[in-house]
Amino acid sequence: MAEQAILSYLETHEEIADSGNFAAECGIDHAEIVNAIKSLHGFLYVESQDIKKETWVLTDEGKRYAAEGSPEVQLFLAVPAEGSIAKDELQKKFDPAIFKIGCSQAGKNKWVEMGRQVSRKVVQVEDKVKDLLLKIQKGQVIGQADINSLKARKLIVLQTWKGYSVRKGPSYAPQREKFATDLTRENLQSGDWETLKFKAYNFNAKGPPSECGHLHPLNKMKDCIKRIFRMMGFEEMATNRYVESSFWNFDALFQPQQHPARDSHDTFFLKTPSTTMQLPEDYVERVKQVHESGGYGSRGYNYEWKREEANKNLLRTHTTAISSRMLYKLAQDTKQNGFTPKKYFSIDRVFRNEAVDRTHLAEFHQIEGLICDRGLTLGHLIGVLEDFFKRLGMSNLRFKPAYNPYTEPSMEIFSYHEGFGKWVEIGNSGMFRPEMLQPMGFPEDVRVIAWGLSLERPTMILYGIDNIRDLFGHRVDLDLIKKSPLCLIGIK
Ligand code: PHE
């Protein structure tokens with residue numbers, strides 16, 4: 001309707017001088033007229049020029065005085081014509097703000113004598129403020145000095161009004177041409193597709209936000225990493241056991257029983273059931289031996305290994321506990337059927353008794369990969385890591401010698417982070433020690449290269465999240481999950 005009003009008017013008139021007046025004449029809301037102008041302008045039906053008008057309008061306080069009179073006059077009128085009134089008495093008649101302003105303005109105007117008693121100093125006053133406010137309300141022009149004083153008292157403010165003047169544009173027509181938005185079966189049958197004008201595609205238009213479920217960035221990352229592992233020929237290990245025995249979590253990994261990580265400050269131990277039900281006894285015996293006195297070319301740790309320590313249940317501190325179980329199984333299978341090389345991976349939750357901060361949680365997810373084969377070297381490990389991390393979008397790697405009780409040599413993995421402008425640690429790796437592999441029963445020449453990293457770290461880096469607590473835990477930011485990208489470009 002607004003659109004047709006504009007087009008029809010321009011058919012017989014040179015211009016619409018002021019969209020505001022035009023809207024009022026047509027009885028159409030100005031906002032609607034403005035929208036129609038913008039749209040017609042977009043299709044070159046009209047040309048338009050901005051008009052800006054600045055007008056003074058009353059503030060709420062100004063409106064109130066325009067209706068009820070200024071505070072100073074209200075105050076003056078409340079003072080008796082003859083004699084005086086006690087200030088307390090007078091105050092009771094007003095609300096505190098009006099009383100305060102009234103006193104100060106009436107005093108300034110020398111209308112009243114203020115003391116404990118208040119009396120009039122003049123016979124009659126004029127409510128100039130109210131008169132001026134009413135004039136502004138009616139759209140009349142008032143002097144600059146008056147404007148300034150009303151503005152200073154915050155009774156009026158400047159309002160900018162925006163409208164347009166409108167003329168015919170290069171594509172003007174008295175009626176807007178309708179464009180087809182779809183090519184239909186009817187168009188094809190009737191043949192009018194030959195003459196139809198089609199609306200151009202707007203490739204910049206945004207689709208409506210979809211109200212649907214959203215995958216958590218950690219799950220998206222997990223899927224992506226699983227895909228990478230599978231493409232690299234890895235099999236997934238079953239990780240469905242948060243509760244683990246100290247034996248598989250530590251002892252089988254040649255981690256001595258007095259190691260600080262085995263302290264309750266670092267590890268959550270279970271109260272019930274506090275100990276494990278069963279362990280493979282002959283293997284336990286070989287693990288005890290290797291801790292106490294070594295073997296397989298090792299001197300061992302030379303301490304008294306305690307079964308009670310190994311029996312203690314805990315929340316697994318790393319998924320390497322799963323790797324140790326799987327490798328033990330593989331070694332048993334090797335004894336029966338001969339050795340088959342394997343590539344295994346897992347991604348699941350681990351627990352550490354840690355103080356929670358921006359980058360640490362007491363539970364997080366670990367990604368773990370291992371390859372078990374004859375003749376593997378550190379060179380293979382570096383090569384596999386480079387391949388793996390490149391697929392995750394991290395191509396610039398550096399390795400730093402490190403220490404793990406179960407690997408030798410061990411390497412921390414660093415990647416250069418363009419965004420942070422520095423090298424950040426992204427994982428830990430190494431070759432499992434003979435003290436771990438030999439008691440399991442592997443042939444001597446079988447090597448295992450392995451690495452582990454947190455799932456949270458690359459997720460935070462790739463999704464640009466700087467507080468781990470926004471990502472995971474009870475304070476997780478749902479908005480962040482909804483707005484996180486559906487997929488990340490550059491990951492293969
Ligand atoms: N378990 C190590 C950790 O928790 C990671 C790791 C896995 C290191 C395998 C070497 C080999 O950080």
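All figures in this text were calculated on a predicted structure; none of them were measured in a lab. Both ligands and their constituent atoms are indexed starting at 1 by order of listing.
- You'll find the side chain of Arg457 reaches within 4.5 Å of the side chain of Val424, heavy atoms only.
- The shortest side-chain heavy-atom distance between Phe472 and His365 falls under the 4.5 Å cut-off.
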Expected list for residues 477-487: side-chain donor-acceptor pairs under 3.5 angstrom, two or more places apart:
| from | atom 1 | to | atom 2 | distance (Å) |
| --- | --- | --- | --- | --- |
| Asp477 | OD1 | Asp479 | N | 3.1 |
| Asp477 | OD1 | Leu480 | N | 3.3 |
| Asp479 | OD2 | Lys483 | NZ | 2.8 |
| Ser484 | OG | Lys220 | NZ | 2.9 |
| Ser484 | OG | Ile481 | O | 3.1 |

Can you produce the list of protein nitrogen or oxygen atoms under 3.5 Å from a nitrogen or oxygen of ligand 1, alongside each distance?
| from | atom 1 | to | atom 2 | distance (Å) |
| --- | --- | --- | --- | --- |
| ligand 1 | 1 (N) | His318 | ND1 | 3.2 |
| ligand 1 | 1 (N) | Thr320 | OG1 | 2.8 |
| ligand 1 | 1 (N) | Tyr406 | OH | 2.8 |
| ligand 1 | 4 (O) | Arg352 | NH2 | 3.0 |
| ligand 1 | 4 (O) | Gln366 | NE2 | 2.8 |

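- Applying the side-chain hydrogen bond (donor to acceptor under 3.5 Å, both in side chains) test to Arg447 and every residue at least two apart in sequence or in another chain returns nothing.
- The salt bridge (charged side-chain N to carboxylate O under 4.0 Å, His left out) test applied to Arg433 returns Glu435, not counting sequence neighbours.
- The six-membered or imidazole ring of Phe388 lies near that of Phe229, with a centre-to-centre distance under 6.0 Å.
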